[in-house]
There are 2 protein chains.
Amino acid sequence: MPDAARPSKREEPRRETERTILAAAEKVFAEAGFGGATMQLIADMAGLPKANLHYYFPTKEALYRRVVGEIFEIWLQAAEALDQAQCPVEGIGAYIDAKMEISRRHPFGSKVWASEVMHGAPVIQDYLETTLRDWTEGRAAAIRRWIANGQMQPVDPHHLLYMLWATTQHYADFGHQIETLNGGRPLSDEDWAAATRSVKEIILRGVGAL
Amino acid sequence: MPDAARPSKREEPRRETERTILAAAEKVFAEAGFGGATMQLIADMAGLPKANLHYYFPTKEALYRRVVGEIFEIWLQAAEALDQAQCPVEGIGAYIDAKMEISRRHPFGSKVWASEVMHGAPVIQDYLETTLRDWTEGRAAAIRRWIANGQMQPVDPHHLLYMLWATTQHYADFGHQIETLNGGRPLSDEDWAAATRSVKEIILRGVGAL
DNA sequence: AAATTTATTGACCGCTTGGTCAGGTTATGG
DNA sequence: CCATAACCTGACCAAGCGGTCAATAAATTT
């Protein structure tokens with residue numbers, strides 16, 4: 001029975017099972033927080049016995065660490081949108097596009113990250129102090145260059161970056177609130193497009209790049 | 001010994017003790033999440049035996065409910081800034097001022113709210129569907145009036161409100177990340193003033209109100 | 001097809017959790 | 001100064017937790 005209903009475990013069974021567990025863990029950690037999540041809940045969601053989880057991930061914290069690390073990777077990739085741009089409209093616009101897409105496609109991951117940071121980043125403090133800080137300084141320098149070139153108004157680069165993060169991630173982290181205010185219905189394709197358009201318009205006009 | 005070191009319990013001892021417990025609970029819930037928080041931790045932080053907590057609040061959830069409710073009240077009060085304004089610069093500006101001040105003075109409450117919404121608002125769903133929805137629609141109408149009067153550009157009122165919430169609350173919810181990127185130091189008075197200035201400047205210019 | 005490694009699992013363990021309760025202590029009111 | 005009510009708390013409990021382990025099953029190698 002090749003290519004059965006369950007994803008084929010012929011090639012790399014370990015990877016397949018790990019992915020199943022990680023997906024379940026991401027969802028449970030997002031919905032219950034680290035403290036509220038239980039290995040039993042994750043196991044049920046993954047359709048595996050609890051003991052099997054500990055075969056692939058020694059502890060709950062190790063599993064959590066992997067989940068958080070994967071989100072960070074995704075965000076770093078999106079950040080490249082800011083790099084290869086010549087003007088703020090293009091760079092910031094592409095970055096907002098990318099981050100809004102991530103908020104839509106990976107809402108659980110975004111929530112796990114938010115939860116982790118809110119609780120004082122006990123697990124990812126080193127990320128914040130090294131990779132994220134370096135990345136932030138680099139991007140701030142690029143923004144200062146745009147300002148020096150007269151391509152946008154002189155706004156504080158850090159606070160601009162915070163605004164970009166806050167606004168885009170809000171659609172993932174507070175998605176439930178937004179959905180409720182949207183009459184209980186999830187945002188449609190057009191709703192997401194309109195949201196992205198609004199964010200880009202206000203911020204790009206706000207920094208004087210339009 | 002009138003007016004001793006401990007807050008006077010002569011007048012309304014019940015209220016005093018409740019406030020002590022609520023303050024401790026707010027902090028612990030913010031730092032550990034609902035699932036990660038324990039009654040023992042809250043009791044230690046409040047300097048009371050655990051059993052005493054259950055004398056004032058029957059269950060962990062009842063205590064949590066009170067904490068969340070108090071934050072919502074604070075935000076509703078801040079919302080009045082938006083009401084008594086004639087122009088967007090004044091209204092939105094005052095609202096940003098108020099919400100930034102709350103982020104600074106009540107970071108724990110903001111985190112508890114964020115955590116609650118992220119986890120699907122199991123406790124405050126009714127707030128979202130009634131009070132918050134009504135408030136949002138009222139404010140959206142006010143914004144549409146400003147647009148009709150030509151006092152600002154035609155932006156989607158809902159997405160503007162989301163941006164205001166996201167940006168201001170980010171300074172509380174992600175305060176640890178911001179502090180880390182600030183060299184590990186908490187934001188100074190001037191930092192907060194600069195942050196508020198940046199947010200107001202970008203958003204007010206972004207909606208074409210300047 | 002035997003041997004060996006890898007994957008799977010039910011049963012179990014020590015510990016912490018939210019919550020209870022009986023009994024003690026303090027304040028209030030007559 | 002006593003009685004009644006409000007307040008406080010150490011000791012305790014059932015339930016659920018993260019994690020372990022010995023036994024088994026499946027795959028892979030020889």
Side-chain angles (χ1 to χ4, degrees), chain A residues 1-4 6-22 24-29 31-68 112 119 122-123, chain B residues 1-22 24-29 31-68 112 115 119 122-123:
Chain A
M1 55 186 82
D3 295 335
R6 294 279 176 118
S8 162
K9 291 190 179 183
R10 193 80 58 83
E11 198 73 50
E12 293 186 352
R14 179 145 208 138
R15 287 289 155 83
E16 289 284 355
T17 311
E18 274 189 4
R19 287 248 56 86
T20 304
I21 295 172
L22 283 169
E26 185 180 340
K27 189 171 184 185
V28 172
F29 281 134
E31 287 175 350
F34 178 82
T38 69
M39 295 298 273
Q40 189 61 63
L41 236 74
I42 297 171
D44 292 348
M45 175 101 20
L48 296 169
K50 193 185 69 166
N52 207 344
L53 263 61
H54 283 98
Y55 178 76
Y56 287 94
F57 300 92
T59 65
K60 183 184 176 184
E61 189 175 318
L63 175 55
Y64 176 75
R65 203 179 279 266
R66 273 286 297 274
V67 170
V68 174
V112 173
H119 298 4
V123 158
Chain B
M1 57 185 83
D3 294 332
R6 294 280 176 116
S8 163
K9 291 190 178 181
R10 193 80 56 83
E11 198 71 52
E12 293 184 350
R14 178 145 208 133
R15 284 293 156 82
E16 289 284 354
T17 311
E18 275 189 4
R19 288 247 53 87
T20 304
I21 295 172
L22 283 168
E26 184 180 339
K27 190 171 183 185
V28 173
F29 281 135
E31 287 175 350
F34 179 82
T38 70
M39 295 299 272
Q40 189 61 63
L41 236 74
I42 296 171
D44 292 348
M45 175 102 19
L48 296 169
K50 195 186 68 168
N52 207 344
L53 264 60
H54 283 98
Y55 179 75
Y56 287 94
F57 300 92
T59 66
K60 182 184 177 185
E61 189 175 319
L63 175 54
Y64 176 75
R65 204 179 279 268
R66 272 285 298 273
V67 170
V68 174
V112 174
S115 201
H119 298 359
V123 158

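All values derive from a computational prediction rather than experimental measurement.
If you check every strand for non-hydrogen atoms under 4.0 Å, A:F57 touches nothing. Within 4.0 Å (heavy atoms only), A:A43 reaches no atom of the nucleic acid at all. Contact annotation for A:A37: backbone-only contact, meaning every heavy-atom pair under 4.0 Å involves sugar-phosphate atoms and none involves a base.
Atom CD1 of A:I21 sits about 7.5 Å away from atom CG of A:L63, to the nearest 0.5 Å. How far CZ of A:F57 is from CD of A:E18: 4.5 Å, rounded to the nearest 0.5 Å. Atom CZ of B:R66 is separated from atom CG of B:L22 by 5.0 Å, given to the nearest 0.5 angstrom.
C:dG18 atom P lies 14 Å from atom OH of B:Y64, rounded to whole Å. Rounded to whole Å, the distance from CD1 on B:I21 to P on D:dC7 is 11 Å. Rounded to an integer number of Å, the gap from CE of A:M39 to P of C:dT9 is 15 Å. Look at CD on A:Q40: it is 11 Å from P on D:dG16, rounded to the nearest Å. For the pair A:L53 CG and D:dG18 P, the interatomic distance rounds to 10 Å; values are reported in whole Å. Counting to the nearest Å, the P atom of D:dA25 and the CG atom of A:N52 are 16 Å from each other. Following rounding to the nearest Å, B:K50 (NZ) and C:dT16 (P) show an atom-to-atom distance of 12 Å. We find that CZ of B:R14 is positioned 16 Å from P of D:dA5, with the value rounded to whole Å.
Nearest nucleotide to the side chain of B:H54, out of C:dG19, C:dT9, D:dG10: C:dG19. For A:Y55, counting side-chain heavy atoms from C-beta on, the closest listed nucleotide (D:dG19, C:dG10, C:dT8) is C:dT8. Listed candidates were D:dC21, C:dT8, D:dC7. Nearest to the side chain of A:Y56 is C:dT8. Between C:dG19, D:dG19, D:dC8, one nucleotide has an atom nearer to the side chain of A:K60 than all others, and that is D:dG19.
Residues A:P58 and A:L41 both approach DNA chain D. Their nearest nucleotides, taken by heavy-atom distance, put A:L41 toward the 5′ side.
Of all non-hydrogen atoms in B:V28 and B:A37, the two that sit nearest each other are CG1-CB, 3.6 Å.
Classified by interplanar angle (parallel below 30°, tilted 30° to 60°, perpendicular above 60°), the ring pair B:Y64/B:F29 is perpendicular.
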